[in-house]
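Below is one structure; the comments refer to it alone.
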Amino acid sequence: MNESTFFARFTRANIHVEQDDKGAASAEQNFQDPLAGIARSLTHEYDYTPKIEGALPPKLRGTLYRNGPGLFERNNVRRRHLLDGDGMIQALDIGCDTVRYRNRFVRTEKYVAEENAGRFLYPTWSTLAPGGWLRNVGYPVKSQAGVVPFMRDGALLAFDDFGLPYALNADSLNTMGPFKPGRQASLNSYNAHSKVDGVSGDWILFGQGYARHMTINVLILGKNGDVKKRLSEQVPRYTSIHDCFVTHRYVVFNLHALKFSPYMMLLGLRSIIDSFTWAPQMGNLLLVLDKEGVEAPRYIEAPAAFMWHSLNAYDFGDDIVAEFVGYDNPDHFIGANASLSAIMVGRQGNAVYPGTIRRYVINLKKQRVNEETLAHESYEFPIINPHRLGHKHRYGYFTYSGGAALQDTGVARFDMESGRRELFDFGCNFFVGESIFAPHPDMIYSGTELEEKGWLLSQVFDLTTQTSFFAVFAADRLTDGPIARILLEHHVPISFHGYWRAR
């Protein structure tokens with residue numbers, strides 16, 4: 001690139017950022033679409049007893065933690081994408097006929113520095129740091145700790161898709177600082193979705209390394225915290241990975257056809273999200289790693305499909321069965337009018353392609369994969385009973401949308417053997433977040449039950465009242481609707497993921 005071309009691009013990039021920042025900041029004050037409440041900051045930190053409608057199950061006792069973005073703007077500069085808020089932990093303590101609600105920001109290095117400065121200082125997924133390209137050279141992004149909450153060794157961990165997770169006191173929600181899983185064996189960076197084997201208790205974590213080639217790193221810790229294995233594989237394509245599949249024997253990564261071009265980003269001229277392009281002609285590439293490190297890594301081609309989240313995977317003879325939500329095109333995520341960015345200025349944007357429930361059957365001997373679509377409506381946020389993770393399961397739980405991919409209005413239970421679906425739909429005036437499965441404390445799960453005892457805990461945003469509530473479902477009677485609603489006094493921005501801590 002010659003000097004004149006470089007500075008021409010630099011000038012255009014600065015104008016682009018300033019126009020986006022100012023336009024979005026003014027639009028935030030006058031949302032036209034009530035759904036845009038999920039992208040409205042919640043700056044107050046609460047601690048109170050909300051009202052309960054219905055009756056809480058007597059044996060549902062514990063704390064539901066949730067994590068998601070809570071703050072989208074500072075000093076009249078607003079982030080450009082729904083992924084771009086500072087992490088906010090919620091805690092819903094459920095006791096005997098009473099509940100307690102709290103929310104606290106994760107006081108990351110980024111959050112504290114920007115709070116003290118009164119303005120944004122660092123770039124994020126979609127938004128360059130204010131001040132021009134020199135402030136963004138090398139793209140000094142820092143963790144927002146705003147995606148996944150997770151309990152380990154008595155600490156509550158807040159994960160992002162890069163950097164170390166942050167540890168919080170699980171009771172007070174005070175931030176304690178960065179946490180290094182595996183201590184000396186810890187990776188330099190972690191992705192959001194670690195996994196715990198439902199039988200062995202092994203904790204499987206992964207992260208990505210970026211240099212001339214992309215590297216996937218895996219850390220496996222035993223139930224007692226000992227390091228069981230550390231794996232590293234240099235992969236043949238640059239992409240972004242948010243989740244993975246784990247079985248008793250393998251870890252599988254879906255290197256989907258999301259092409260990542262980092263060079264303009266590293267020059268400070270383009271954000272991470274603006275560096276992604278969807279390239280379906282590449283197809284997907286599945287990387288299969290043996291957890292023991294004995295078998296050589298396998299690469300198996302698959303049809304192009306974008307994946308945010310896996311449901312589960314398990315070994316089945318010479319095959320791996322892996323189930324997930326897949327998109328033929330992630331138009332809701334990237335592109336000029338993607339819904340996850342349009343919602344930041346009060347519009348819904350593009351979300352044409354639904355997230356469908358899919359199954360890979362990966363034959364390791366023949367090095368091939370068969371892909372099957374199990375349900376064609378729009379779904380997201382797949383979860384299972386955590387006792388079955390990495391092993392054969394029967395039921396999957398999902399959010400459901402009868403329309404655009406962004407606005408999920410219902411909760412679905414899918415029998416992965418028979419294909420039977422049970423559904424409760426709140427209707428078009430509601431937005432439903434990921435449900436969390438709370439196992440019944442008296443049940444021992446084998447994965448073959450005709451019914452599955454436990455509860456689903458869902459966070460729901462009411463577009464009419466602009467307030468949020470938690471819905472409690474009996475998992476095996478989903479169509480009956482919520483048996484209890486826990487009503488908050490305020491709205492909560494989109495909350496991505498949760499964790500149930502039984503008492």
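Since the structure is predicted, the reported quantities are computational estimates derived from the model, not experimental observations. Every heavy atom of this structure was used, including side-chain atoms; hydrogens, water molecules and symmetry mates were not.
A heavy-atom distance below 4.5 Å is found between the side chains of Val235 and Tyr299. Side-chain contact between Tyr395 and Phe414: absent, with no pair of heavy atoms (C-beta onward) separated by less than 4.5 Å. Residues Thr399 and Val411 fail the side-chain proximity criterion, which asks for heavy atoms closer than 4.5 Å. Considering only heavy atoms from C-beta on, Leu456 comes within 4.5 Å of Ile383 through its side chain. Contact check for Ile241 versus Leu255: side-chain heavy atoms found under the 4.5 Å cut-off. You'll find the side chain of Leu164 stays beyond 4.5 Å of the side chain of Phe179, heavy atoms only. Annotation: side chain of Phe431 is not in contact with side chain of Phe426 (no heavy-atom distance under 4.5 Å).
Atom CG of Asp425 sits about 13.0 Å away from atom OG1 of Thr479, to the nearest 0.5 Å. With rounding to the nearest 0.5 Å, the separation of CG in Leu205 from CG in Asn191 is 10.0 Å. Between Glu372 atom CD and Ile357 atom CD1 the span is 11.5 Å, to the nearest 0.5 Å. A distance of 14.0 Å separates CG of Leu221 from NZ of Lys223, quoted to the nearest 0.5 Å. A distance of 6.0 Å separates OG of Ser126 from NE2 of His81, quoted to the nearest 0.5 Å. Expressed to the nearest 0.5 Å, how far OH of Tyr122 lies from CG of Asn136 amounts to 12.5 Å.
Between the side chains of Trp308 and His332, a donor-acceptor pair is found at a separation under 3.5 Å. For Asp331 and Asn350, the side-chain atoms include no donor-acceptor pair closer than 3.5 Å. At a cut-off of 3.5 Å, with distance as the only test, a side-chain donor of Gln348 or Asp33 sits close to an acceptor on the other residue. With 3.5 Å as the limit, one finds a donor-acceptor pair spanning the side chains of Ser41 and Glu73. The closest side-chain donor-acceptor pair between Asp197 and His391 falls under 3.5 angstrom. Counted by atom type alone, Glu292 and Tyr250 present zero donor-acceptor pairs between their side chains at under 3.5 Å. Between the side chains of Asp161 and His242, at least one donor N or O sits under 3.5 Å from an acceptor N or O.
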Could you walk me through whether Glu295 and Arg298 pass salt bridge (Lys or Arg N to Asp or Glu O under 4.0 Å), step by step?
CA-CA 9 Å; Glu295 300 175 15; Arg298 298 176 174 91; 2.7 Å; yes

Gln208 vs Asn217, side-chain hydrogen bond (donor to acceptor under 3.5 Å, both in side chains): CA-CA, chis, key distance, verdict:
CA-CA 6 Å; Gln208 293 169 253; Asn217 303 301; over 6 Å; no

Criterion side-chain hydrogen bond (donor to acceptor under 3.5 Å, both in side chains) on Arg359 and Asn370, from CA distance to verdict
CA-CA 8 Å; Arg359 173 183 290 148; Asn370 179 60; over 6 Å; no

Audit row: Gln90, Gln459, side-chain hydrogen bond (donor to acceptor under 3.5 Å, both in side chains) steps and yes/no:
CA-CA 11 Å; Gln90 301 176 77; Gln459 187 163 323; 3.2 Å; yes

Ring pair (Phe, Tyr, Trp, His ring centres under 6.0 Å) for His248 and Tyr314? Distances and angles first, verdict last.
CA-CA 7 Å; His248 175 66; Tyr314 55 91; over 10 Å; no

Can Ser378 and Ser401 be said to form a side-chain hydrogen bond (donor to acceptor under 3.5 Å, both in side chains), step by step?
CA-CA 5 Å; Ser378 188; Ser401 172; 4.8 Å; no

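Checking side-chain atoms of Arg388 against main-chain N and O of Lys392 turns up a donor-acceptor pair under 3.5 Å. Side-chain atoms of Arg230 come within 3.5 Å of backbone atoms of Ala185 as a donor-acceptor pair (strictly under, hydrogens ignored). A donor-acceptor pair is defined here as one N or O able to donate and one able to accept, closer than 3.5 Å; no such pair exists between the side chain of Asn385 and the backbone of Phe437. In this structure, the side chain of His256 engages the main chain of Met307 through a donor-acceptor pair within 3.5 Å. In this structure a side-chain-to-backbone donor-acceptor pair under 3.5 Å is present from Ser275 to Ser271. At distances below 3.5 Å, not a single donor-acceptor pair connects side-chain atoms of Ser189 with backbone N or O atoms of Gly207. The main-chain N or O of Asn312 is never found under 3.5 Å from a side-chain atom of Ser310 such that the two would form a donor-acceptor pair. Side chain of Trp500 to main chain of Tyr65: no donor-acceptor pair is present (N/O by atom type, distance under 3.5 Å, no hydrogens or angles).
Enclosure of atom CG in Asn188 is not indicated, since only 12 or fewer non-hydrogen atoms of other residues, nucleotides or ligands lie within 6.0 angstrom. Other residues, nucleotides and ligands contribute only 12 or fewer heavy atoms inside 6.0 Å of the CD atom of Glu301. Annotation: Phe316, atom CZ; neighbour count of heavy atoms from other residues, nucleotides and ligands within 6.0 Å does not exceed 12.
Just one of Val369, Ile320, Ile300, Val252 meets the side-chain contact (heavy atoms from CB on, under 4.5 Å) condition when paired with Tyr360; it is Val369.
Partners of His497 by side-chain hydrogen bond (donor to acceptor under 3.5 Å, both in side chains), not counting sequence neighbours, listed by chain and number: His193, His309, Glu434. Residues meeting the side chain to side chain contact (heavy atoms under 4.5 Å, CB included) test with Thr108, sequence neighbours left out: Val106, Lys110, Tyr111, Ala145, Tyr166. Judged as a salt bridge (Lys or Arg N to Asp or Glu O under 4.0 Å), and not counting sequence neighbours, Lys366 has no contacts. Residues meeting the side-chain hydrogen bond (donor to acceptor under 3.5 Å, both in side chains) test with Tyr397, sequence neighbours left out: Glu452. Remark: Trp203 engages Ser194 in a side-chain hydrogen bond (donor to acceptor under 3.5 Å, both in side chains) (not counting sequence neighbours). Partners of Ser186 by side-chain hydrogen bond (donor to acceptor under 3.5 Å, both in side chains), not counting sequence neighbours, listed by chain and number: Tyr190.
Between Arg394 and Asp415 there is a salt bridge, since a side-chain N of the basic residue sits under 4.0 Å from a carboxylate O of the acidic one. Ion pairing between a basic and an acidic side chain is recognised when a charged N comes within 4.0 Å of a carboxylate O; Arg421 and Glu377 show such pairing. Of the charged side-chain nitrogens involved, at least one lies within less than 4.0 Å of a carboxylate oxygen, so that Asp274 and Arg80 count as a salt-bridged pair. Between Asp243 and Lys195 a salt bridge is recorded (basic side-chain N to carboxylate O distance below 4.0 Å). A salt bridge links Lys365 with Asp318; the closest basic N to acidic carboxylate O contact falls under 4.0 Å.
The cationic group of Arg358 does not satisfy the cation-pi geometry with Tyr379, failing either the under 6.0 Å distance to the six-membered ring centre or the 45° limit from the ring axis.
Between Tyr327 and Tyr353, the distance from one ring center to the other does not fall under 6.0 angstrom.
Note on ring orientation: taking the six-membered ring where Trp is involved, the planes of Phe162 and Trp125 are tilted (angle from 30° to 60°). Between Phe333 and Phe276, the two ring planes are tilted [angle within 30° to 60°].
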